[in-house]
Amino acid sequence: MNNLKQHRILLCIFSILIISCETHTQPVDEIETKVNELLTTMSLDEKIGQLNLRGTSSRVKGELPDSLKQAVRDGKIGAFLNVTNTAYVDELQRIAVEESPHKIPLIFARDVIHGYKTIFPIPLGIAASWDTEVAENSSRIAAIEASSFGIRWTFAPMLDIARDSRWGRIAESPGEDPFLAAKLSEAYIKGFQGKNLKDPTSMIACAKHFIGYGAAIGGRDYNTAIINDALLRNVYLPPFKTAVEAGSQTFMTAFNEMNGIPASGDKRLLTHILRDEYNFDGFVVSDWDSVKEMIPHGFAEDLKHAAEISLNAGLNMEMTSKTFETYTKTLLDEGKITISQIDKLVGDILRVKLKMGLFENPYREDKSSNLYATAHLEKAKEAVIKSSVLLKNNQNILPLAANTKLAVIGPLANQPREQLGTWTFDGDGKFTQTPIHTFQSKNVTFNYVEGLSHSRDKSAANFSKAMSVAKTSDVIIFIGGEEAILSGEAHSRADINLPGAQEDLIKELAKTGKPIVLIIMAGRPITVGNIINDVDAILMTWHPGTMGGPAIYDMIFGEDEPQGRLPVTWPKMAGQLPLFYNHKNTGRPVIPEEFVQLDSIPIGAWQSSLGNTSHYLDVGYLPQYPFGYGLGYTSFSYGKINLTDTIISENEELIVSVKVTNTGERAGSDIVQLYVQDVAGRITRPVKELKGFQKVTLQPNETKTIHFTLTIDDLKYYDNQQQLSVEKGTFNVWVGAHSATQNRATFKYE
Ligand code: NOJ
């Protein structure tokens, strides 16, 4: 029997003994005792080792480099990222737990963002489901699949509020609203981590990027964030606060600076808010090289200074750059940091390793038979249906009759890799079910011509082939959007129209007079103003992942209806960005009757302020589609809002009720949304804020009364002094199908 096997058997016996005499997690003081025991005997080198997160390229083949093995043997590495070769994972872990001085296990990390092998819709798509069960299922399944490769730490969920669709990483975000994002935060963390951190399928979560990454100026990735304290507390922090409450074991710092301080060096964020205020007892990892990047930020003089700033700020682990490894000893000698600070930082990491049960059970359980399991694929398909947003459906062109003869055209109709979207290193295109695969397997009557070979293709060479197929069809299904690489990290776009010649091709196809259903696969809202009148229906599937094809089939043929609602405001053109529903009113809010359109201004008009309200002359004041919007295959009517009282006092509840009726001819669901506005505050308040949502499913003619409960706590907000409270006064409340609903009532807090 080789050493590894022998060790595993001993560990198993040991773990069985432990499990039989205790319940799920070790008592806290037992963990703290073990942390302290280790800290008193570990050498300084080993302590510094725990602060290092090392990357290896997942493409490395052949033997594991000896230098890496030796570093682990010497206790100089605390965790690895991107080791996907399971033989390496096993061997590195074996060296750590058998040969390193204190036998401290490693953690293996990876960006498992929206699935590992079975790929779910991109996170912005999951957010469009407004469904915490969908989010939890997606992350649980990701954890089950990834952990069988030894990956027990994911760099997800990303909780950056994103209000600018030019930003490439909006794809990975929960959208623009803090209330929705906080609900998703909890669900993702539950799913990744599972019920018990010691379960071999538990993958510890990493709430990222702390903080303000989504507020990059102009949507340019890595750019500066300027966020005042009220905005920080009311908008950007809530999903992160929830992450701590949900038990996220780790946080990741952001690349950006906020108000002049790079996140990896921000003591107020990492120590005062996260530790002192939120009582976070896990560990914080930097983003890739972000410690070192404090030099170009203009915040650190050199690498040693960067290490000093980050260690003092409370950063536990450094991703890839090596400033902690290189300079910690010197910084201690120079008195720039103390050994008790280092012990605290190391202790946080050891605590998480102990909570994960890695000391008793360091090895992965090979459950690779679970990869692409039928149950996983079913949940992935359900997630696409629940997150796809039907934006337009003229004359109910969708759903289509089963015998409709289709012309399927477009650069994303049969692109197994592209439909997986950003951050899908491990998803295998061979398992992707594209719309074309599904139409073939379901015997749909269709002809397929891609027309453009990829989403940026500018050539009209294949337009005529597409036209001849279109002419013989009943309906054209155009499947376009963006290739996966056009969104995600470092992939911001200034123009967010359909790229390449897609608009030209759609315009050409429209000349046939055949109805066009546009299916968009993309990582962000795509501005459709140039072609909106040429198409009859628009279905946004985001990048839908492995099961995009079957889900699209079910939706277009009416076996199910698209159920998503927008988690971000959909702009008419990029020039409107940033654009979000929960903005401030200004002193001159839009008055629709006073809107002045560019072309209505008389030539030679005398200098004046014309409409006198806050709007663009050319594109107006409305988005293309508001936050929360989405159609289904039936229609709903909303009754007037009923309040249990028009006055709410301290410690009281107000029940807000609305009758919702399915007025259409088939069963369907809607997401009933509740918004509140504090009419006048000690600082100005947003025009409305989401405070509740519920999904309702109704048969034709069925009515249900939906109730929401509001308390004074729901009305509280942070001011510029970071005080959380609310003053007495008037509040508006809306309940409807999206953020632009006019269904309003008023109450007072007295
Ligand atoms: C950089 C990204 O910003 C971060 O989100 C990711 O987890 C790391 N790289 C590791 O890949």
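In each ligand, atom 1 is the first atom listed, and ligand 1 is the first ligand listed.
- Any N or O atom pair closer than 3.5 Å counts here, and Arg169 shares at least one such pair with ligand 1.
- Considering backbone and side-chain atoms alike, Trp423 places every N or O at 3.5 Å or more from each N or O of ligand 1.
- Taking every non-hydrogen atom of Lys208 and a distance limit under 4.0 Å, the qualifying atoms of ligand 1 come out as 4 (C), 5 (O), 6 (C), 7 (O).
- If you take CG on Asp287 and CD on Glu489, they are separated by 6.5 Å, rounding to the nearest 0.5 Å.
- Residues Asp199 and Lys195 are not paired through a salt bridge, judged by the lack of any N-O separation under 4.0 Å between the basic side chain and the carboxylate.
- The nearest protein atom to atom 6 (C) of ligand 1, hydrogens excluded, is given as Asp111 OD1, 3.2 Å; this is a heavy-atom distance.
- Side-chain atoms of Phe120 and Lys379, non-hydrogen and from C-beta on, do get closer than 4.5 Å to each other.
- Lys208 places a side-chain N or O within 3.5 Å of a backbone atom of Phe155 that can act as its donor or acceptor partner.
- Asp287 OD1, 3.3 Å is the protein heavy atom nearest to atom 8 (C) of ligand 1.
- Using a 4.0 Å cut-off to heavy atoms of Phe255, the atoms of ligand 1 that qualify are 1 (C), 3 (O).
- Under 4.0 Å from ligand 1, not a single heavy atom of Met158 appears.
- Residue-to-ligand polar distances keep Trp288 apart from ligand 1: every N/O pair is separated by 3.5 Å or more.
- The nearest non-hydrogen atom to atom 5 (O) of ligand 1, considering only Met319, His209, Glu489, comes from His209.
- For the 3.5 Å distance criterion, the side chains of Glu133 and Asn137 fail to qualify, holding no donor opposite an acceptor.
- One finds a salt bridge joining Lys430 and Asp428 here, because a Lys/Arg side-chain nitrogen approaches an Asp/Glu carboxylate oxygen to under 4.0 Å.
- In this structure, Asn256 and Asn223 have side chains that are not in contact, with every pair of non-hydrogen atoms separated by 4.5 Å or more.
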